[in-house]
Amino acid sequence: MSKDPNQKKSWSVLIGAAFLMATSAIGPGFMTQTAAFTAKYEADFAFVIIASVILAYIAQINVWSIIAVSKMRGQDIANKVLPGLGYFVAFLVALGGLAFNIGNIGGAALGMNVMFGTSTEVGAIISAVIGVGIFMSYRAAQAMDQLTKYLGILMILLIGYVMIVSTPPVGTAVAHTVMPTEYQWLATITLLGGTVGGYITFSGGHRLIDAGIVGEENLGQVRKSATLGMGVATLVRILFFLAVLGVVSQGALLDASNPAADAFLKPAGQVGYKIFGIVFFCAAITSVVGAAYTSVSFLKTLFKPVGARENWWIIGFIIISTLILLFMGKPAMLLIVAGSLNGLILPVTLAVMLLAAKKKEIVGDYKHSNFLFWAGWAVVVISAYIGFTSLQGISKLLG
């Protein structure tokens with residue numbers, strides 16, 4: 001008996017949504033940050049990764065569940081909770097997405113420079129053309145699903161190879177996962193912000209709304225998709241951490257200007273360096289696609305012109321990000337300010353979703369898990385601290 005083609009299509013979308021979220025969370029910033037933290041904390045960083053993954057998973061499951069049951073995007077749910085709040089949330093997400101997409105384009109350009117020796121400008125333009133090409137396609141959503149899925153798998157294989165070559169002390173890492181020498185809470189919440197901050201939490205859920213996979217009857221599938229996405233992101237994080245740990249545990253010092261590249265170069269030589277270029281490019285270009293798609297999805301129901309020409313707005317989003325990078329170079333201050341705004345988005349959006357979970361006019365007769373509800377509020381408090389810490393850093397920088 002042949003399989004139902006609609007069921008096959010649904011699973012393809014569910015897997016695509018999972019990889020969209022996962023690859024959005026694994027951008028060039030994550031790789032640089034993880035390499036720097038691992039060099040500083042060594043095996044203790046294993047605890048940080050696991051703690052941040054648990055907190056991120058709680059946030060993801062809550063958000064994906066409420067989006068699925070309500071059949072509404074994040075901004076529309078926010079407007080139902082408090083009229084006008086959706087516009088504020090959409091503005092924050094779009095602004096943060098634009099600023100970080102500048103960094104993503106820059107990361108893709110760096111990856112191309114390592115692979116082919118192209119200049120930053122040429123690499124940025126080629127990367128933008130690839131991103132634009134995805135959304136010029138007649139089947140843009142499917143093309144996005146395939147891009148994130150296959151490049152995600154490629155990253156896992158390549159990072160896994162470097163991890164094996166670097167021969168990390170896996171037993172020590174496992175031991176420190178449970179009993180770290182010191183509890184690095186600040187590093188934990190910093191990594192959490194990069195895992196589920198801004199648009200990332202909503203990328204997969206919004207993709208499933210566009211595909212029509214919503215409603216309480218599909219909640220099981222939606223949660224499986226969210227779990228797969230977190231599983232992929234976690235696997236990449238663990239492999240990358242172990243690859244770097246294998247280098248620093250042998251006493252090697254990483255180049256502070258580009259610790260991620262050095263972590264690949266030292267154990268695997270020039271082959272490792274080229275692998276870094278491929279991985280960095282894959283991480284960046286999938287984040288470009290994810291940031292552009294999700295940022296515009298926050299505007300499409302609030303502004304009719306955006307909804308009517310969604311793909312063109314996504315293309316414009318990518319082009320503007322590229323032009324800002326080309327004409328401003330490295331807009332460090334913009335990225336820092338946007339990073340602080342991004343840190344404030346998660347507690348706001350997650351709190352809104354948790355409030356929505358108790359409103360019958362939003363979720364109907366659905367009864368949200370009390371465990372997920374209260375665990376979600378714990379993540380709200382922790383992520384609010386991220387935002388507060390970030391703002392303190394901004395005030396010192398500007399003062």
Side-chain angles (χ1 to χ4, degrees), residues 23-24 26-33 35-36 94-137 140 143-144 147-148 150-152 154-155 158 194 198-199 254-265 270-296 311-339 341-342:
T23 54
S24 293
I26 308 165
F30 151 75
M31 294 182 64
T32 303
Q33 187 183 68
L95 178 63
L98 176 64
F100 280 102
N101 229 22
I102 298 167
N104 292 334
I105 291 288
L110 175 60
M112 294 203 70
N113 173 261
V114 172
M115 287 189 290
F116 307 115
T118 56
S119 66
T120 300
E121 293 76 14
V122 171
I125 292 170
I126 293 174
S127 302
V129 168
I130 293 172
V132 167
I134 292 292
F135 294 101
M136 288 286 288
S137 167
M144 179 175 67
L147 177 81
T148 54
Y150 290 122
L151 292 190
L154 180 61
M155 281 192 281
L158 292 177
Y199 69 90
L254 299 183
D255 181 359
S257 64
N258 198 346
D262 216 24
F264 279 59
L265 177 63
Q270 285 300 314
V271 172
Y273 188 59
K274 292 296 182 183
I275 288 176
F276 161 76
I278 297 171
V279 170
F280 212 67
F281 173 78
C282 291
I285 198 67
T286 51
S287 293
V288 167
V289 170
Y293 165 78
T294 312
S295 296
V296 172
N311 281 7
W312 287 108
W313 281 85
I314 295 173
I315 289 169
F317 194 93
I318 295 172
I319 292 173
I320 290 171
S321 303
T322 307
L323 291 175
I324 292 174
L325 177 70
L326 292 175
F327 287 104
M328 293 181 62
K330 295 181 179 179
M333 185 61 69
L334 174 62
L335 289 171
I336 292 170
V337 173
L341 288 174
N342 214 42

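- In this structure the side chain of Val296 never reaches within 4.5 angstrom of the side chain of Trp312, judged on heavy atoms.
- At distances below 3.5 Å, at least one donor-acceptor pair connects side-chain atoms of Ser287 with backbone N or O atoms of Thr23.
- Between the CD1 atom of Ile134 and the CG atom of Asn311 there is a distance of 11.0 Å, given to the nearest 0.5 Å.
- Annotation: side-chain hydrogen bond (donor to acceptor under 3.5 Å, both in side chains) contacts of Asp255 (sequence neighbours excluded): Ser257.
- Pairs of residues two or more places apart, or lying in two chains, that qualify as side-chain hydrogen bond (donor to acceptor under 3.5 Å, both in side chains) and include a residue from residues 102-113 are Asn101-Asn104.
- Residue Ile102 holds its CD1 atom at 10.0 Å from CD1 of Ile320, rounded to the nearest 0.5 Å.
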Could you check Met155 against Tyr150 for side chain to side chain contact (heavy atoms under 4.5 Å, CB included), going step by step and ending with a plain yes or no?
CA-CA 9 Å; Met155 281 192 281; Tyr150 290 122; over 6 Å; no
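- Considering every non-hydrogen atom in both Ile314 and Tyr293, the closest pair reads CD1-CA, 4.0 Å.
- Nearest heavy-atom pair, Lys274 versus Met115, reported as atom, atom and distance to 0.1 Å: NZ-O, 3.3 Å.
- If you take CE on Met112 and CD1 on Ile125, they are separated by 11.0 Å, rounding to the nearest 0.5 Å.
- Once rounded to the nearest 0.5 Å, the distance linking OG1 of Thr120 with CG of Leu326 reads 9.5 Å.
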Walk me through it: do Ile130 and Phe281 pass the test side chain to side chain contact (heavy atoms under 4.5 Å, CB included)?
CA-CA 12 Å; Ile130 293 172; Phe281 173 78; 3.7 Å; yes
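- Inter-residue side-chain proximity for Phe280 and Val114 is flagged as unmet; no heavy-atom pair is nearer than 4.5 Å.
- A heavy-atom distance below 4.5 Å is found between the side chains of Phe135 and Val289.
- Residues Leu98 and Ser321 come closest through the heavy atom pair CD1-OG, 3.4 Å.
- In terms of heavy-atom proximity, Leu151 sits nearest to Cys282 at CD2-SG, 3.8 Å.
- The two atoms that bring Gly97 and Tyr199 nearest to each other are CA-CD2, 4.4 Å, heavy atoms only.
- Taking both residues in full, the closest heavy atoms of Ala124 and Ala109 are given as N-CB, 3.5 Å, listed atom of the first, atom of the second, then distance.
- Remark: Leu147 CG to Ser137 OG distance equals 11.5 Å, nearest 0.5 Å.
- Atom CG in Leu323 sits 10.0 Å away from atom CD1 in Ile105 (nearest 0.5 Å).
- In this structure, Thr286 contributes its side chain and Ala283 its backbone to a donor-acceptor pair below 3.5 Å.
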